[in-house]
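Down below is the structure, laid out as structure tokens.
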Number of protein chains: 2
Amino acid sequence: MPAPGPNLKRATIRDVAALAGVSIGTASKALNGQGKLRAETRDRVAAAARELGFAPNVLARGLLAGRTFTVGVITTDSFGRFSIPVMLGAEDALGAGQISVFMCDTRDEPERERQYLDMLLSRRVDGLIVAGRRIEPRPSIGLTLGVPVVYAMTQSMDSDEPAILPDDAGGGRLAAEHLLALGRRRFGHITGPERFLAARKRARGFCDAMAGAGLPFTANDVLYGEWSEAWGREAARLVMRTTPGVDAIFCGSDQIARGVSDTLRLIGCRVPEDIALVGFDNWSPMVLGADPSLTSVDMCLEDVGRVAAQHLLLAISKEPTHGVHTVPCRLVTRGSTSPGTS
Amino acid sequence: MPAPGPNLKRATIRDVAALAGVSIGTASKALNGQGKLRAETRDRVAAAARELGFAPNVLARGLLAGRTFTVGVITTDSFGRFSIPVMLGAEDALGAGQISVFMCDTRDEPERERQYLDMLLSRRVDGLIVAGRRIEPRPSIGLTLGVPVVYAMTQSMDSDEPAILPDDAGGGRLAAEHLLALGRRRFGHITGPERFLAARKRARGFCDAMAGAGLPFTANDVLYGEWSEAWGREAARLVMRTTPGVDAIFCGSDQIARGVSDTLRLIGCRVPEDIALVGFDNWSPMVLGADPSLTSVDMCLEDVGRVAAQHLLLAISKEPTHGVHTVPCRLVTRGSTSPGTS
DNA sequence: CTTACGGAGGAAAACGTATTCCTAGAAAGG
DNA sequence: CCTTTCTAGGAATACGTTTTCCTCCGTAAG
């Protein structure tokens, strides 16, 4: 592994050229496969580069090319549960194109957002991904930045800027179809606060599927509350009281499902024999820690990030997209709906 | 908010100079408060810059300065529970110095690590933070990179490169002291696999404090197992069987504590009245979701990141540090040891 | 009136790379 | 032998800054 000494400056193309006995321009051409050069010369330059451990200075290259091969990801989620997979997916798709990522966490403070935005612009990022922890529309980060922007797990209220969202309604539908396929017929749906768009969408998808199957579960039967285990514990008792014969409960989050699971065990109700349970998020520590482990809807957030990155790459190459695009969810089956599984 | 049109190139200092009717050099001096200039000229340049929404191109500046005001953070943790706070803290400390962060997730694959390392080096980062998900020593990322490196939440086996670690032993001691102060006298300690250095350190701290208080809890009494809720559930039964009169259990992670809590409730044991419970990690969704909520040791990972950043800044300014530095933990008291709290 | 000095700002170099244009030499054709 | 045509590689420019050095002008001192 060729490497510069600890205190030596890194080799530049000038050093390579000197060692190979050619001019700077020739060295550049040799390394990039451009121009007309003898094969022998190309090899000589390549050898010199290898010997010196030369790697081109991306800054200098960017200065010339007018772009930096860099994008910024701004999240309001404190790198939390939702942003992380999105960023991972985005980084994955961008990294393949040799693009690096500046990650910025605004902690949901507008002042920090402005500050990070300035920083990214003065670093001349080629594009921007704005990620959120809720899918609710947010104020646009700026319509005239001179840089393409894609929203992921959130959307802009001010325009038709491109946004990538998980298909929450589809997720609700998936849960419903799975429970129906198991032969369940009497349902409960416990979820987060009604003001959350995601909660409403999941509920709508669930209700639509029910209606499609000719079952009487309607929007009025949805129990809106909090995104917490405590609410899950409380709501489970409520469901057991108000819905005799209930044999399946769909929860708007894994945490709620954990709470429900707790209560059911305490009151001697078996999962999944008596009641099948489906969560949402497929959040490993939650679903695997539960007993039995939780069947859950996965939003495929990495895909959301990957798709957002693809749209951004398109926009960077002057083929911008517009409006909302959704990414399908998938259902992961575990013990809480299928006795066979762990 | 001054901004360039959507398709306009961003303003350069050349534009600013032209608008202000001065030379490029003068404009630069005016904006940076250098040289001898009339106040009126300074103002004129500042006004022009404001009007054009000028922000200096950090790349160009960096090219000249020989540094990029950029550092790389490489993690093996898939941006997981441990790395995230560390990175947040690091970003915090570095952002104040106008330094931006490239975050890279190796997914624990050596090949990816090499690839990211090459990328960061060709981007000429000023320094590198290597973060891990375990504190175990790992192979050095490279001793002759020509760039300062600091390890956070991990350490290098090949040298005395600086490393910042949480004080796991101190955390174990904190837990012990808290339980002793509550008057508890008969203890259990359930933790992860013995091969984990962190598990052994926490246990050692706990045992030392016990010995200091003259209690007979020794290294032999530690129950090593898995970092899972399932192990917590299992081990709790074991402790109840083998340690009659036990009135306090210290767990090596919050997940284990959740499992213990579950079992205790099922067998009709009250927390904290009969048994006080202390977890480790202070991981919000776990400690707050539990019933009662969990007292837990917080490793202050953001501080670990912050301190790592400070050491890196020192190294960048040619005052490198060496060896392992620890950051103290803190205990957060909640319902599982104190009936008053929720 | 001449010289020295100080203030204000301009000119130019430098950072590392890619690219465009140009030149020198060789080969080929007349 | 002279001219044309390639070919291989060199020279120069540009990218956007910062900084060093230099020049010009006005004023004060001798």
Side-chain angles (χ1 to χ4, degrees), chain A residues 4 8-46 48-49 52-70 98 119 121-126 146, chain B residues 4 8-46 48-49 52-70 98 119 121-126 146:
Chain A
L8 263 50
K9 282 249 143 286
R10 283 194 71 86
T12 75
I13 200 171
R14 165 182 263 101
D15 303 323
V16 175
L19 181 58
V22 298
S23 75
I24 291 181
T26 304
S28 172
K29 287 172 209 161
L31 294 172
N32 297 304
Q34 301 290 320
K36 303 258 177 197
L37 271 63
R38 265 183 307 162
E40 190 267 334
T41 309
R42 289 216 137 84
D43 295 346
R44 197 147 36 88
V45 173
L52 294 171
F54 170 76
N57 184 328
V58 180
L59 272 74
R61 178 182 287 173
L63 189 56
L64 199 52
R67 49 176 297 202
T68 54
F69 303 94
T70 287
Q98 299 283 47
M119 183 276 273
L121 291 178
S122 56
R123 290 200 180 270
R124 298 295 188 274
V125 291
D126 297 334
Chain B
L8 264 49
K9 282 249 143 288
R10 281 194 71 87
T12 75
I13 200 171
R14 166 183 261 99
D15 304 322
V16 175
L19 181 58
V22 297
S23 77
I24 292 180
T26 303
S28 172
K29 287 173 209 160
L31 294 172
N32 297 307
Q34 301 291 322
K36 302 260 179 193
L37 272 64
R38 264 183 309 160
E40 191 268 334
T41 309
R42 290 215 138 85
D43 295 347
R44 198 148 36 89
V45 173
L52 295 171
F54 171 77
N57 183 328
V58 180
L59 272 73
R61 178 183 288 171
L63 189 55
L64 200 52
R67 50 175 296 199
T68 55
F69 303 94
T70 285
Q98 299 284 48
M119 184 275 274
L121 291 178
S122 60
R123 290 201 180 269
R124 298 297 189 274
V125 291
D126 297 334

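Just the heavy atoms: all of them, side chains too, but no hydrogens, waters or symmetry mates, feed the values below. Numbered from 1 within each chain, the chains take letters A, B, ... in sequence-line order.
Between A:N57 and B:L63 there is a side-chain heavy-atom pair separated by less than 4.5 Å. You'll find the side chain of A:R10 reaches within 4.5 Å of the side chain of B:L121, heavy atoms only. The shortest side-chain heavy-atom distance between A:V22 and A:R44 falls under the 4.5 Å cut-off.
Taking every heavy atom of residues 54-69 of chain A and every atom of DNA chain D, pairs under 4.0 Å involve A:L63, A:L64, by number. Near DNA chain C, defined here as any heavy-atom distance below 4.0 Å, the residues from residues 36-45 of chain B are B:K36, B:L37, B:R38, B:T41, listed numerically. For DNA chain D, the residues of residues 12-24 of chain B within the heavy-atom distance limit of 4.0 Å (strictly under) are B:T12, B:I13, B:I24, sorted by number.
Note that CG of A:L64 is 12.5 Å distant from CG of A:L59, once rounded to the nearest 0.5 Å. Once rounded to the nearest 0.5 Å, the distance linking CZ of B:R42 with OG1 of B:T26 reads 10.0 Å.
Look at CZ on A:R10: it is 10 Å from P on C:dT17, rounded to the nearest Å. Atom CD of B:Q34 is separated from atom C1' of C:dA8 by 15 Å (rounded to the nearest Å).
Taking for each of B:R124 and B:T26 the nucleotide of DNA chain C with the nearest heavy atom, the 5'-most of the two is the partner of B:T26.
Side-chain atoms of B:S122 do not come within 3.5 Å of backbone N or O of A:A55 as any donor-acceptor pair.
When all heavy atoms are compared, the tightest approach of B:R124 to B:T68 is O-OG1, 2.8 Å. B:R61 approaches B:P56 most closely through the heavy-atom pair NH2-CG, 3.3 Å.
Taking a 6.0 Å sphere around CD of B:E40, one finds it holds more than 12 heavy atoms contributed by other residues, nucleotides or ligands.
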Derivation of the side chain to side chain contact (heavy atoms under 4.5 Å, CB included) call for B:T70 and A:R123: CA-CA 10 Å; B:T70 285; A:R123 290 200 180 270; 3.3 Å; yes

